[in-house]
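Numbered from 1 within each chain, the chains take letters A, B, ... in sequence-line order.
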Protein chains: 2
Amino acid sequence: MAPPPLELPTLERLPRETANQWVYRSLRHAVMIGVVPPGRPLTIRDVAATLGVSAMPVREALRRLSSENALAVLDNRRIEVPRMTASRFRELCELRIALECHAADRALPYVSGERLAELAAIDTRLDAAYAAGVREQVTTLNQDFHRRLYEANPNQVVMPLIESVWLQLGPFLHLALSRMREFYQVDRHSEAMAALRRQDPLALRIALEADIRDGITHVGTHELLKAYVESGGGAIA
Amino acid sequence: MAPPPLELPTLERLPRETANQWVYRSLRHAVMIGVVPPGRPLTIRDVAATLGVSAMPVREALRRLSSENALAVLDNRRIEVPRMTASRFRELCELRIALECHAADRALPYVSGERLAELAAIDTRLDAAYAAGVREQVTTLNQDFHRRLYEANPNQVVMPLIESVWLQLGPFLHLALSRMREFYQVDRHSEAMAALRRQDPLALRIALEADIRDGITHVGTHELLKAYVESGGGAIA
DNA sequence: TGCCGGAAAATGTGATCACATTTTTGACGG
DNA sequence: CCGTCAAAAATGTGATCACATTTTCCGGCA
């Protein structure tokens with residue numbers, strides 16, 4: 001049977017943006033919000049036709065996302081969204097914690113009052129989005145919060161790796177958020193900001209790890225992952 | 001004035017290997033051993049002519065290495081080996097330690113007797129190469145040792161990120177090895193293997209961190225980096 | 001001499017085609 | 001009814017071309 005037609009959310013093509021970049025952004029976004037089911041083969045011609053460009057930019061975008069481990073290249077040379085397993089998920093979570101705690105450590109000395117204000121502003125908008133139940137925005141703003149924190153360090157070498165992990169967790173995180181709790185969780189971002197103000201590395205690590213675990217492990221991960229895997233999202237671990 | 005002609009070490013093209021993979025391997029190897037001076041622009045046509053292939057595989061290989069942060073894409077759309085600065089170097093070292101310690105932690109429970117034997121074998125060959133002063137092989141075998149250790153964990157998500165960091169440190173590490181000491185340093189690999197045998201996570205971390213610092217920071221980094229930067233290798237930090 | 005400005009060369013980008021490999025299809029025989 | 005295998009379709013790979021952008025070069029002018 002033929003696979004369902006590929007549907008990609010249309011991202012506006014920025015002025016002076018190359019087709020390459022546009023295709024890359026579109027595919028990346030699609031993967032991140034999980035509209036492409038894991039295991040669904042992404043063929044060059046298919047994506048090209050869907051986005052209305054030639055094969056060339058698609059090839060480079062697919063290759064790029066593969067390098068970032070957002071897509072998997074099979075032996076067949078076919079490309080798909082990687083399937084998730086319970087153990088891979090666990091590894092990704094632990095890796096995310098290790099990476100982000102390290103990034104926070106290295107950013108801490110550079111965090112200025114301005115930066116703190118910016119983080120607070122993002123957090124406010126995040127709370128609003130959370131209260132309004134706008135899932136996609138919650139994800140985006142949460143990532144913004146973390147990204148802007150780590151970017152306080154002017155010598156950025158960690159951020160690209162963190163983005164890679166986010167991409168790999170992306171499809172599933174989005175699913176987890178779909179069962180977003182009504183009640184607020186403990187505000188780990190506030191704790192993190194307090195730690196930043198006190199220049200307290202240990203407290204910062206603790207707050208971040210708790211924040212990540214809250215967002216991932218705590219939201220009924222086990223059941224969610226099980227449902228995800230069983231719905232054809234991936235092989236059994 | 002015209003830049004010096006591009007010279008790339010010729011890697012044998014494996015049977016059934018696509019041009020894409022071959023170009024990727026060649027460029028990657030060239031970057032890793034530091035034959036391409038940082039800042040040297042890598043043009044598609046140039047690489048294509050040097051390797052005797054068309055532009056297509058080169059484009060994808062360059063794009064791929066850029067995604068792995070082995071190459072930098074400038075605003076001009078030009079691609080070059082990233083320039084090194086003292087602070088970027090420091091960040092990369094710390095990141096490497098954080099990543100590899102984490103990887104070792106996650107691999108430890110999976111390390112079998114067979115695996116330990118394999119590591120010991122690699123280490124033996126490494127000692128031989130070190131004694132013989134074969135720089136390139138020392139680098140390769142050292143990486144093999146670390147890679148095979150982390151790969152004990154069957155759910156590999158860290159390794160690609162570590163490889164990325166290796167690539168970014170590559171050009172400079174190679175330089176550092178060029179002043180390889182005559183006397184053996186403390187054998188950190190033995191310490192690591194002892195820790196593995198005892199299933200002792202903390203000792204493993206300590207051994208690995210020491211091993212990495214020995215290989216990087218200890219080999220007169222400061223002077224080397226200074227020389228490297230001043231020789232046109234990168235901007236002043 | 002030093003600096004501007006446009007022409008010429010170099011380079012990246014995107015489209016299209018030919019071909020090799022892989023996957024799917026469907027007819028045939030058990 | 002099911003497995004097998006060859007033909008057909010789909011797909012990835014690599015080459016080549018046309019065009020837009022960028023860089024380099026060089027003559028003219030202050």
Side-chain angles (χ1 to χ4, degrees), chain A residues 1-6 8 11-28 36-37 39-67 70-83, chain B residues 1-6 8 11-28 36-37 39-67 70-83:
Chain A
M1 55 188 171
L6 182 59
L8 296 176
L11 255 54
E12 187 193 5
R13 180 155 176 188
L14 276 45
R16 303 209 15 111
E17 186 179 40
T18 65
N20 199 333
Q21 292 170 305
W22 179 60
V23 174
Y24 171 75
R25 277 201 308 123
S26 300
L27 279 177
R28 182 191 157 93
V36 187
R40 168 74 146 84
L42 283 176
T43 70
I44 296 174
R45 285 170 174 84
D46 206 355
V47 176
T50 305
L51 267 57
V53 295
S54 83
M56 177 76 50
V58 176
R59 284 167 68 163
E60 302 199 354
L62 287 178
R63 195 77 65 178
R64 191 169 161 192
L65 286 165
S66 304
S67 290
L71 299 177
V73 190
L74 278 55
D75 296 332
N76 339 345
R77 298 171 169 174
R78 192 146 296 191
I79 292 180
E80 61 176 39
V81 177
R83 298 162 195 273
Chain B
M1 54 186 170
L6 181 60
L8 297 177
L11 256 53
E12 188 194 4
R13 181 155 175 186
L14 276 47
R16 305 212 10 117
E17 187 179 39
T18 64
N20 198 334
Q21 291 170 304
W22 180 60
V23 174
Y24 171 76
R25 277 200 309 123
S26 300
L27 279 177
R28 183 192 157 93
V36 187
R40 167 75 147 81
L42 284 176
T43 70
I44 295 174
R45 285 170 176 85
D46 206 356
V47 176
T50 304
L51 288 155
V53 295
S54 84
M56 176 76 51
V58 176
R59 285 168 68 164
E60 302 199 353
L62 286 178
R63 194 77 66 179
R64 190 168 160 192
L65 286 164
S66 304
S67 290
L71 299 177
V73 190
L74 278 54
D75 295 334
N76 337 343
R77 298 170 169 177
R78 192 146 297 190
I79 292 181
E80 61 175 40
V81 177
R83 298 160 195 275

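- For dT13(D), the OP1/OP2 oxygens have a side-chain nitrogen or oxygen of Arg63(A) closer than 4.0 Å.
- The distance between atom CD of Glu60(B) and atom P of dG14(C), rounded to the nearest whole Å, is 13 Å.
- Not a single donor-acceptor pair, N or O on each side, falls under 3.5 Å between the base of dG14(C) and the side chain of Arg59(A).
- For Thr43(A), the side-chain atoms get nearest to dT11(D) when compared with the rest of dG14(D), dT22(C), dT11(D).
- Between the CH2 atom of Trp22(A) and the P atom of dA15(C) there is a distance of 11 Å, given to the nearest Å.
- Looking at Arg40(A) and Leu6(A), their side chains come closer than 4.5 Å, going by heavy atoms from C-beta outward.
- No hydrogens or angles were tested; on distance alone, a donor-acceptor pair under 3.5 Å links the side chain of Arg45(A) to the base of dG12(D).
- Residue Asn20(B) contributes atom CG, which lies 20 Å from atom P of dT11(D) at whole-angstrom precision.
- Rounded to an integer number of Å, the gap from CD1 of Ile44(A) to C1' of dG14(D) is 11 Å.
- Residue Thr18(A) places its side chain closer to dT13(C) than to any other of dT21(C), dA15(C), dT13(C).
- Summary of the strand contacts: Ala55(A) and Leu62(B) both lie near DNA chain C, and taking for each the nucleotide with the nearest heavy atom, the more 5' one is attributed to Leu62(B).
- Across the protein-nucleic acid pair, Leu74(A) atom CG and dT23(C) atom P stand 9 Å apart, rounded to whole Å.
- Put simply, CG on Leu51(B) is 11 Å from P on dA15(D), counting in whole angstrom units.
- Looking at which nucleotide of DNA chain D each of Val53(B) and Asn76(B) is closest to, the 5′-most match is held by Val53(B).
- A pairwise comparison of heavy atoms in Ser67(A) and Ser67(B) identifies CB-CB, 3.7 Å as the closest pair.
- Considering only side-chain atoms of Pro57(B), the nucleotide from dG14(D), dG14(C), dT21(C) that sits closest is dG14(D).
- Of the residues listed (Arg83(A), Arg77(A), Arg78(A)), the one engaging Glu80(A) in a salt bridge (Lys or Arg N to Asp or Glu O under 4.0 Å) is Arg83(A), and it is the only one.
- In this entry the distance linking CD1 of Ile79(B) with P of dG12(C) reads 7 Å, nearest Å.
- If you check every strand for non-hydrogen atoms under 4.0 Å, Leu42(A) touches sugar and phosphate atoms only.
- Rounded to an integer number of Å, the gap from Arg13(A) CZ to dT13(C) C1' is 10 Å.
- Inter-residue side-chain proximity for Ser26(A) and Leu8(A) is flagged as unmet; no heavy-atom pair is nearer than 4.5 Å.
- A close approach under 4.0 Å does not occur between any side-chain nitrogen or oxygen of Arg78(B) and OP1 or OP2 of dT13(C).
- Judged purely by atom type and a 3.5 angstrom limit, Arg25(B) uses its side chain to pair as donor or acceptor with the backbone of Glu12(B).
- Of the residues near DNA chain C, Met56(B) and Arg16(B), the one whose nearest nucleotide (by heavy atom distance) lies more toward the 5' end is Met56(B).
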